[in-house]
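A short worksheet on the structure shown next.
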Amino acid sequence: MSGVDDIFDRAFKGKSLVRNRQTLNIDYIPDRLPFRDDESNNLALKLSNVFKGARPSNLLLFGKPGTGKTAVVKTVVDRLIKKANELGIQITAPIINAKEANTAYKILYEIAKEMGTDDKGPKDKREEKIPFTGLSLGEANDRILRHIQKNKINMILVIDEIDSLVDKNGDVILYNFTRANQRMAKGGFISLVGISNSLTFKEKLDPRVRSSLSEEETVFNPYTIEQLRQILSTRAKMAFSEDAITDAVINLCAAMAGREHGDARKAIDLLRVSAELAEREHAPRVEEKHVRVAQDKIEKDAQFLAIQKAAPQDKLVMLAIARSKNGFTGEVYDAYSALCKKIDHEPLTQRRITQIISEMELLGVISTEVVNQGRGGRSQRIRITVPLATVKDALKDDPTLAELGY
DNA sequence: ATTCCACAGGAAACAGTGGTCC
DNA sequence: GGACCACTGTTTCCTGTGGAAT
């Protein structure tokens with residue numbers, strides 16, 4: 001075991017390049033967000049109605065991922081609540097991610113959880129409680145509004161990734177909440193703050209929701225490479241030990257993340273993984289080569305996980321793509337059916353397989369291209385974009401595929 | 001100009017699960 | 001205990017598509 005002990009010894013004695021690891025975490029929000037003063041002030045201004053006892057306008061914030069939308073909302077709302085508490089004004093501000101709570105009912109359940117009226121809440125208040133399932137949407141909605149009205153609750157409801165609600169009949173909720181204030185004459189209000197990655201999602205909304213939801217709008221522009229550089233530089237000063245990192249590394253991280261629409265989260269993650277790699281090989285400092293390896297690793301890890309965690313049927317489809325000659329849809333389906341037959345599984349329909357294929361394309365593990373062969377019909381040519389070794393590695397422990405001798 | 005191929009992908013329906021309500 | 005509800009994964013049905021063949 002001396003080899004293992006040696007490794008542990010070296011790790012223990014080796015120099016730690018990072019002294020404040022938490023600041024490299026994607027979820028870490030610094031006290032002041034660089035380059036987002038205008039947006040923060042703007043949001044604060046719009047929410048500040050509550051100090052006059054009025055309902056703030058509903059708001060929509062747009063911007064690509066990693067442009068600081070959620071962080072701005074979190075910091076501003078946090079201070080708003082603190083200030084309100086000092087002044088004796090009660091405000092509750094649940095922040096709900098609509099991608100995680102991805103159905104209308106789940107959103108309502110999350111709000112109830114935040115207010116303490118979910119199924120774990122007090123037993124006597126049945127008419128205000130929201131169980132995990134079993135109620136109609138209308139009833140769940142009514143119960144929440146009843147609770148808000150009865151207790152005169154002032155709520156700023158933040159829905160992150162609000163665009164993912166629209167396709168799943170979630171705009172019913174948005175409609176109800178934006179209109180709820182008219183019903184709450186006796187006190188209490190709901191003000192909605194929506195955060196969206198997609199600028200175009202509004203077009204899909206019910207026109208009545210659209211008009212009340214977009215009372216105010218703010219667009220978050222992507223960070224420039226220079227801004228990313230400064231953000232990383234500040235973060236690196238907090239996170240790294242002295243001389244553990246060079247400007248060149250920061251520049252490279254900024255440039256790499258900047259190429260993909262100025263995503264600050266990606267830039268920081270790249271820095272974190274680079275540091276981990278450097279520490280693992282006991283390097284005296286993080287160098288540019290670590291960044292390049294880190295970039296590669298982040299990409300590969302994401303693809304590896306996407307394949308490894310895929311449903312059994314998805315893995316079979318992946319295998320079928322690998323086995324088909326040209327990767328045309330028909331061929332892939334035939335190969336998939338053959339695989340199913342071998343392991344005695346009932347194959348899914350071709351319609352479902354095309355759906356799985358487009359889901360896999362979204363994950364970035366395959367690519368498709370429309371091929372028109374005239375009378376030979378129209379089809380897609382499907383290709384695996386992940387190195388075959390990664391695919392094999394990700395699939396090697398799957399018991400279903402083991403039956404196929406894979 | 002028309003026909004035809006092999007699909008893509010939208011919409012609606014359905015089955016199964018896990019729950020509440022009365 | 002039966003009626004009802006949300007939700008997910010799936011099937012069924014159907015319309016639309018672009019270019020080679022006729």
Side-chain angles (χ1 to χ4, degrees), chain A residues 96-113 117-147 159 161 163-177 200-201 203-206 306 309-318 320-321 324-340 345-363 366-383 400:
Chain A
I96 290 159
N97 188 307
K99 212 162 206 173
E100 285 159 23
N102 60 348
T103 65
Y105 192 91
K106 278 188 195 159
I107 298 268
L108 294 175
Y109 182 68
E110 288 300 317
I111 296 171
K113 236 160 83 177
T117 56
D118 57 331
D119 37 11
K120 291 170 194 79
K123 285 205 166 57
D124 53 321
K125 300 202 169 170
R126 200 166 167 208
E127 70 282 3
E128 291 165 31
K129 264 176 59 179
I130 309 278
F132 179 67
T133 172
L135 291 189
S136 71
L137 263 177
E139 176 59 23
N141 195 62
D142 284 351
R143 287 185 184 194
I144 285 185
L145 296 185
R146 211 176 290 145
H147 180 78
I159 303 184
E161 315 228 30
D163 38 321
S164 51
L165 258 187
V166 185
D167 298 331
K168 298 215 170 184
N169 122 67
D171 47 352
V172 179
I173 293 212
L174 300 179
Y175 179 75
N176 286 341
F177 279 174
T200 52
F201 102 100
E203 291 157 18
K204 294 191 213 154
L205 281 173
D206 183 309
K309 295 199 166 171
Q313 296 289 358
D314 298 20
K315 289 179 181 173
L316 279 175
V317 173
M318 193 82 184
I321 297 169
S324 75
K325 198 167 155 231
N326 299 305
F328 293 130
T329 314
E331 279 176 23
V332 170
Y333 187 69
D334 289 346
Y336 160 79
S337 302
L339 287 172
C340 285
H345 276 204
E346 192 65 31
L348 300 177
T349 56
Q350 181 151 353
R351 175 71 191 90
R352 176 64 188 135
I353 297 304
T354 45
Q355 217 172 326
I356 288 178
I357 286 169
S358 53
E359 284 163 16
M360 284 163 79
E361 193 184 12
L362 271 182
L363 286 174
I366 59 170
S367 69
T368 66
E369 167 201 9
V370 178
V371 182
N372 225 312
Q373 294 172 297
R375 222 170 196 180
R378 224 179 166 207
S379 179
Q380 283 194 114
R381 182 180 280 134
I382 307 153
R383 286 206 182 88
T400 320

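Chain identifiers are assigned alphabetically (A, B, ...) following the order of the sequence lines, protein sequences preceding nucleic acid strands; residue numbering begins at 1 within each chain.
Closest to the side chain of A:Ser136, out of C:dT8, C:dA6, C:dT10, is C:dA6. Distance from the side chain of A:Thr329 is smallest to B:dC7 among B:dC7, C:dT8, C:dT10. Comparing C:dT10, C:dA6, C:dT8 by their nearest atom to the side chain of A:Lys106 picks out C:dT8.
At a threshold of 4.5 Å between non-hydrogen side-chain atoms, the residues A:Glu161 and A:Glu100 do not count as touching. Side-chain contact between A:Ile173 and A:Tyr105 is absent, with no heavy atoms from C-beta onward closer than 4.5 Å.
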Listing time: all N or O pairs from protein to nucleotides 15-19 of chain B that are below 3.5 Å?
unit_1: B:dG18; atom_1: N2; unit_2: A:Thr133; atom_2: OG1; d: 3.3

Using atom names, set out every protein N or O paired with an N or O of nucleotides 12-19 of chain C below 3.5 Å, distance rounded to 0.1 Å.
unit_1: C:dG18; atom_1: O4'; unit_2: A:Asn372; atom_2: ND2; d: 2.8
unit_1: C:dG18; atom_1: N2; unit_2: A:Gly374; atom_2: O; d: 3.1
unit_1: C:dG18; atom_1: N3; unit_2: A:Asn372; atom_2: OD1; d: 3.4
unit_1: C:dG19; atom_1: N2; unit_2: A:Gly374; atom_2: O; d: 3.2

Please walk me through it: do A:Asn176 and A:Leu137 pass side chain to side chain contact (heavy atoms under 4.5 Å, CB included)?
CA-CA 11 Å; A:Asn176 286 341; A:Leu137 263 177; over 6 Å; no

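Here the OG1 atom belonging to A:Thr329 is positioned 11.0 Å from the CD1 atom belonging to A:Ile353, to the nearest 0.5 angstrom. A distance of 10.0 Å separates CD1 of A:Ile107 from CD1 of A:Ile144, quoted to the nearest 0.5 Å. With values rounded to the nearest 0.5 angstrom, A:Leu135 atom CG is found 9.5 Å from A:Leu108 atom CG. Note that CG of A:Asp314 is 8.5 Å distant from CG of A:Leu363, once rounded to the nearest 0.5 Å.
Between its opening and closing five pairs, the helix from B:dA1-C:dT22 to B:dC22-C:dG1 changes axis direction by 30°, a value rounded to 10 degrees.
Taking atom CD of residue A:Glu331 and atom P of nucleotide B:dA8, one finds them 12 Å apart after rounding to whole Å. If you measure from atom CD of A:Glu359 to atom P of B:dA8, you get 14 Å, rounded to the nearest angstrom. Going from atom CD of A:Gln355 over to atom C1' of B:dC7 covers 15 Å, rounded to whole Å. Residue A:Glu369 contributes atom CD, which lies 13 Å from atom P of B:dA8 at whole-angstrom precision. The nearest whole Å value for the distance from the CD1 atom in A:Ile382 to the C1' atom in B:dC7 is 11 Å. Rounded to whole angstrom, the span from the CD1 atom of A:Ile130 across to the P atom of B:dC21 amounts to 10 Å. The CG-C1' distance, from A:Leu137 to B:dT20, rounds to 14 Å in whole Å. For A:Glu110 and C:dC7, the CD to C1' distance is 15 Å, given to the nearest whole Å.
Of all heavy-atom pairs between A:Glu346 and A:Gln313, the closest is O-NE2, 4.4 Å.
Residues A:Glu139 and A:Arg143 are paired through a salt bridge, judged by an N-O separation under 4.0 Å between the basic side chain and the carboxylate. Classification of A:Arg352 and A:Glu359 as a salt-bridged pair holds, one side-chain N sitting under 4.0 Å from a carboxylate O.
Remark: the backbone N or O of A:Leu348 is paired with a side-chain donor or acceptor of A:Tyr336 at under 3.5 angstrom. Looking only at distances, a side-chain donor or acceptor of A:Asn97 sits under 3.5 Å from a matching main-chain atom of A:Lys99.
Here A:Asn102 reaches the OP1 or OP2 of C:dT8: one of its side-chain N or O atoms lies under 4.0 Å away.
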